[in-house]
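Keep in mind it's a predicted model, so treat the numbers as computed, not measured. Index from 1, following the sequence.
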Amino acid sequence: DLEFSESDIATITLGTLYSGALGSLAALGTSEKDGALAGGFLLGQGLGYLATLTATQYMDLSPGELTWISLGTTLGSTLGAGIAYTATGQDDDPKPFALGAFIGGVSLTAATSLTVDYFDLTWADADLSIYSGLVGAVLGGSISLISDTDFSGQALIGTSTGLMAGLIYD
């Protein structure tokens with residue numbers, strides 16, 4: 001029999017949604033077909049649902065720990081997209097950004113999952129994180145003022161690393 005705790009519904013829901021988003025990014029970044037985006041989203045959702053349903057039987061995440069993993073996925077995708085944008089220097093082809101966002105999201109999800117025992121976030125942790133994110137956006141964006149590059153890539157990199165650094169330090 002399956003047993004669930006209070007936070008398992010949120011864990012399964014977020015795991016399913018984030019896996020669907022990552023699946024659509026992987027499909028967009030690797031496929032030329034028109035229906036690949038929807039197919040990747042549905043495949044990601046199915047795998048995410050199965051994985052989180054299984055995982056909830058062996059672990060119980062607090063809301064703060066679930067927030068830590070969710071922010072890791074979001075900020076990892078943002079960082080990956082920013083790196084891809086900076087590396088390619090073009091914005092007419094979404095494939096590199098989608099693939100960069102997928103790789104960054106999966107990588108930082110794995111990293112935050114392994115460190116979840118050390119981070120149980122609360123609202124008090126948001127102050128330094130938001131400040132660090134703003135400073136990161138300004139510093140990242142200022143690189144484009146010095147060089148001839150576009151603002152977007154450096155701002156994404158600066159913002160995502162600033163927010164994550166603020167969460168880790170706080």
Side-chain angles (χ1 to χ4, degrees), residues 1-85 87-88 91 93-126 129-130 133 152-153 156-157 159-168 170:
D1 289 340
L2 297 176
E3 296 180 18
F4 298 101
S5 67
E6 287 183 26
S7 67
D8 286 350
I9 294 172
T11 302
I12 292 169
T13 302
L14 287 174
T16 302
L17 290 174
Y18 275 106
S19 296
L22 290 173
S24 65
L25 287 171
L28 181 63
T30 58
S31 180
E32 296 285 336
K33 295 185 179 181
D34 290 335
L37 190 65
F41 184 77
L42 293 172
L43 178 63
Q45 274 194 320
L47 292 174
Y49 179 74
L50 178 65
T52 53
L53 187 65
T54 304
T56 56
Q57 299 305 303
Y58 300 101
M59 64 173 191
D60 187 27
L61 294 175
S62 71
E65 292 169 336
L66 186 57
T67 302
W68 170 249
I69 295 173
S70 298
L71 282 172
T73 305
T74 304
L75 295 176
S77 293
T78 305
L79 177 64
I83 291 172
Y85 190 88
T88 60
D91 57 359
D93 184 17
K95 284 185 180 294
F97 313 121
L99 202 53
F102 170 74
I103 293 169
V106 169
S107 300
L108 215 50
T109 299
T112 53
S113 296
L114 294 173
T115 60
V116 74
D117 292 335
Y118 305 105
F119 296 97
D120 193 4
L121 300 180
T122 62
W123 281 108
D125 298 322
S129 178
I130 292 171
S152 302
L156 288 173
I157 294 169
T159 303
S160 58
T161 53
L163 283 168
M164 188 57 81
L167 289 173
I168 291 171
D170 202 19

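Proximity of L108 to M164: side-chain heavy atoms (C-beta onward) are separated by under 4.5 Å at one or more points. Put simply, the side chain of L121 does not reach to within 4.5 Å of the side chain of E65, judged on heavy atoms. Looking at I168 and F119, their side chains come closer than 4.5 Å, going by heavy atoms from C-beta outward. Between L61 and W68, the closest side-chain pair of non-hydrogen atoms is not below 4.5 Å. In this structure, L79 and L156 have side chains that are not in contact, with every pair of non-hydrogen atoms separated by 4.5 Å or more. Using a 4.5 Å heavy-atom threshold, the side chains of Y18 and T74 count as touching.
Residues A98 and G29 come closest through the heavy atom pair CB-N, 3.8 Å. Listed here is the closest heavy atom pair of Q45 and L17: NE2-CD2, 4.0 Å. Across all non-hydrogen atoms, the minimal contact from S70 to L14 is OG-CD1, 3.6 Å. Across every non-hydrogen atom of P96 and T88, the tightest pair is CB-CG2, 3.7 Å. When all heavy atoms of S62 and D120 are compared, the closest pair comes out as OG-OD1, 2.7 Å. The heavy-atom pair separating Y85 from S152 by the smallest distance is CE2-CB, 3.7 Å.
Side chains of Y49 and S19: no donor on one and acceptor on the other come within 3.5 Å. A donor-acceptor pair shorter than 3.5 Å can be found between the side chains of T73 and T109.
Checking each of L53, I9, T11 against F4 for a side-chain contact (heavy atoms from CB on, under 4.5 Å) leaves exactly one that passes, namely L53. L99 pairs in a side-chain contact (heavy atoms from CB on, under 4.5 Å) with only one of the listed residues (L25, L28, T30), which is T30.
T52 contributes a side-chain N or O that, together with a main-chain N or O of G48, makes up a donor-acceptor pair within less than 3.5 Å. The closest donor-acceptor contact from the side chain of S77 to the backbone of A101 lies under 3.5 Å.
Atom CG of D34 sits in a sparse spot, with 12 or fewer heavy atoms from other residues, nucleotides or ligands closer than 6.0 Å.
Distance CG/L37 to OG/S24: 5.0 Å, rounded to 0.5 Å. D8 contributes atom CG, which lies 10.0 Å from atom OG1 of T13 (distance to the nearest 0.5 angstrom). Between the CG atom of L163 and the OG1 atom of T78 there is a distance of 8.5 Å, given to the nearest 0.5 Å. The CE atom of M59 sits 11.0 Å away from atom CG of D117, with the distance rounded to the nearest 0.5 Å. Taken to the nearest 0.5 Å, the CD1 atom of I12 stands 10.5 Å off from the CG atom of L50.
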From CA spacing to verdict: side chain to side chain contact (heavy atoms under 4.5 Å, CB included), T112, L71: CA-CA 9 Å; T112 53; L71 282 172; over 6 Å; no
